Amino acid sequence: MTIRKRQFLLTAAFTAATAGFALPAAAQAYPNKPIKMVVGFAAGGPTDLVARTLAADMSKSLGQPVVVENRPGATGRIAEETVARDPGDGYTLLLDSQTLITNPLTMSKVLFNPLRDFVPISRVAALPLILLASPNLPANNAKELVAMAKADKSSVNYGSAGVAGSGHLAGALLSTTAGVEMLHIPFKGQAPALAEVMSGRVQFIFYAVAGAKEQVDAKRVKALAVTSTQRLPQFPDVPTMSESGFPGFEVTTPWLGLVAPAGTPPAITRRLNEAVRSALNAPETQQRLAALGAIPEGNTQAEFAKFLQTDFARWEKLIKTTGIRAD
């Protein structure tokens with residue numbers, strides 16, 4: 001073997017041996033400036049408050065500020081399309097809800113694909129819904145509510161914060177699962193929808209747990225069921241939808257998750273996943289999220305990617321069946 005050939009082989013061997021160190025080095029260099037966490041909803045809402053809680057704790061482990069930026073509009077679509085176009089460098093993230101999946105299914109000309117244009121980082125939290133009924137409604141549980149609708153198809157309607165939102169989708173799923181038509185009445189926000197339920201002009205609503213306890217305690221509405229897999233500490237006497245005879249209904253529970261633009265390097269997304277899961281495991285973070293009615297749900301990137309695929313298929317089927325459109 002010639003000296004030149006031996007040098008070539010030694011160089012090739014060194015290159016191969018050291019190639020594996022490139023990603024860890026890149027991960028250690030990241031981040032070296034503040035990270036922007038975009039939220040597609042207004043400040044002060046559940047998604048925004050969860051984002052700010054998560055961002056504060058991620059800042060500690062990453063050693064750089066994680067700054068929440070609100071870009072509300074079009075049920076999260078503006079933020080989703082903006083982040084999808086951003087460079088995948090790890091410095092722009094999106095804390096989003098199931099609108100990431102449902103917007104492309106219910107809106108025309110959406111400029112992103114949720115399964116192609118984002119890299120899943122981690123689930124963050126679940127925001128259970130509670131089925132609230134007008135105080136003068138004869139039904140006292142979900143089964144009786146469905147029985148009312150079957151007995152008189154014109155007797156039951158439900159409100160929501162808007163077309164194709166989580167409350168609308170939950171009501172539509174109950175309607176299709178029960179095999180009975182229920183009239184959907186959309187409002188511009190949860191507050192006016194709930195006011196109509198309290199007045200008795202609307203029969204029921206799937207409402208965010210965080211804002212329901214005061215109204216239930218004051219008997220302005222009746223709590224019939226929750227969409228979580230288990231009963232909630234805030235409502236220990238309220239059964240789950242599964243206990244009420246509607247198994248699998250926990251899929252309607254709105255979720256929050258963190259994603260990055262496509263092309264973000266794996267070393268960076270792994271670092272972000274570690275930061276999210278570390279934050280969600282901290283007792284103080286769990287306490288703050290519980291106060292917001294949120295259940296921490298960190299997971300691996302692979303688990304979150306599989307969940308997004310399943311969620312897309314699930315809502316695609318329901319939306320095609322019901323013909324729900326948001327535009």
Side-chain angles (χ1 to χ4, degrees), residues 38-42 45-48 50 70-84 94-115 117-118 126-132 156-178 180-194 196-197 202-209 211 227 241 246 248-257 259 307-327:
V38 178
V39 174
F41 301 92
T47 304
D48 172 73
V50 170
N70 299 92
R71 293 190 184 179
T75 321
R77 175 177 168 178
I78 292 174
E80 292 157 354
E81 292 182 341
T82 299
V83 175
L94 177 67
L95 192 286
D96 208 356
S97 67
Q98 67 194 93
T99 62
L100 182 70
I101 298 296
T102 58
N103 278 346
L105 294 172
T106 60
M107 297 180 178
S108 58
K109 299 180 182 179
V110 171
L111 303 178
F112 70 89
N113 181 309
L115 304 181
D117 295 331
F118 298 96
L127 297 170
L129 301 174
I130 184 166
L131 174 54
L132 300 177
V156 176
N157 57 44
Y158 65 98
S160 79
V163 175
S166 57
H168 182 192
L169 294 174
L173 184 60
L174 178 61
S175 177
T176 56
T177 300
V180 61
E181 188 174 347
M182 300 178 182
L183 177 64
H184 172 235
I185 305 175
F187 294 86
K188 293 182 178 180
Q190 285 202 123
L194 183 63
E196 291 299 296
V197 174
V202 173
Q203 272 71 54
F204 74 92
I205 185 174
F206 281 94
Y207 195 79
V209 164
T227 64
M241 287 294 291
F246 300 94
F249 215 82
E250 60 273 7
V251 301
T252 64
T253 295
W255 54 265
L256 298 178
V259 297
F307 169 80
L308 290 175
Q309 293 170 352
T310 301
D311 210 43
F312 187 92
R314 173 190 301 129
W315 293 120
E316 183 180 39
K317 180 179 179 181
L318 177 70
I319 288 165
K320 283 183 176 180
T321 300
T322 58
I324 293 173
R325 298 300 301 170
D327 55 11

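The figures that follow rest on heavy atoms only: side chains count, while hydrogens, waters and symmetry mates do not. If you're wondering where the values come from, they're calculated on a predicted model, not measured in any experiment.
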4.5 Å side-chain heavy-atom contact, F206 and T252: no

Residue of the set N70, L95, D96 for which side-chain contact (heavy atoms from CB on, under 4.5 Å) holds with F41: D96

Output the distance between atom CG (L127) and atom CH2 (W255), rounded to the nearest 0.5 Å. 11.0 Å

Looking at every heavy atom in both A193 and S160, which two are closest together, and how far apart are they? CB-O, 3.6 Å

Heavy-atom closest pair (R71 atom, A79 atom, distance to 0.1 Å) is O-CB, 3.8 Å

Report yes if some heavy atom in the side chain of P254 is under 4.5 Å from a heavy atom in the side chain of L129; otherwise report no. yes

Could you grab the distance from atom CG of D327 to atom NZ of K109, nearest 0.5 Å is fine? 9.5 Å

Take atom CD in E181; do more than 12 heavy atoms of anything else shown fall under 6.0 Å from it? no

Closest contact, heavy atoms only, S108 versus R325: N-NH2, 3.3 Å

To the nearest 0.5 Å, how far apart are NZ in K317 and OG1 in T322? 12.5 Å

Show me the side-chain donor-acceptor pairs of residues 163-175 shorter than 3.5 Å, one per line, residues at least two apart or across chains.
{"unit_1": "H168", "atom_1": "ND1", "unit_2": "A164", "atom_2": "N", "d": "2.9"}
{"unit_1": "H168", "atom_1": "NE2", "unit_2": "H184", "atom_2": "ND1", "d": "3.3"}
{"unit_1": "S175", "atom_1": "OG", "unit_2": "V180", "atom_2": "O", "d": "2.5"}

Quick one: does N103's side chain have a donor or acceptor within less than 3.5 Å of a partner on V110's backbone? no

If you measure from CG on L111 to OG1 on T82, what distance do you get to the nearest 0.5 Å? 10.0 Å

Checking ring pair (Phe, Tyr, Trp, His ring centres under 6.0 Å) for the pair F118/F112: CA distance, chi angles, key distance, verdict? CA-CA 9 Å; F118 298 96; F112 70 89; 5.8 Å; yes

For W315, what residues pass the ring-ring contact (aromatic ring centres under 6.0 Å, His included) criterion, not counting sequence neighbours? none

Nearest heavy-atom neighbours spanning A126 and T253: CB-CG2, 3.8 Å

Between T106 and I324 (side chain of the first, backbone of the second, donor and acceptor by atom type, cut-off under 3.5 Å), is there such a pair? no

I205 CD1 to Q190 CD distance, which is reported to the nearest 0.5 Å: 6.0 Å

Closest heavy-atom pair, G159 versus F187, reported as atoms and distance to 0.1 Å, is CA-CE1, 4.2 Å

Under 3.5 Å donor-acceptor, Q203 side chain and N157 backbone: yes

Just wondering, do Y158 and L131 contact through their side chains at under 4.5 Å, heavy atoms? no

Result of checking L94, L256, D311 against L100 for side-chain contact (heavy atoms from CB on, under 4.5 Å): L94

To the nearest 0.5 angstrom, please state how far the CD atom of Q98 sits from the CZ atom of R314. 9.5 Å

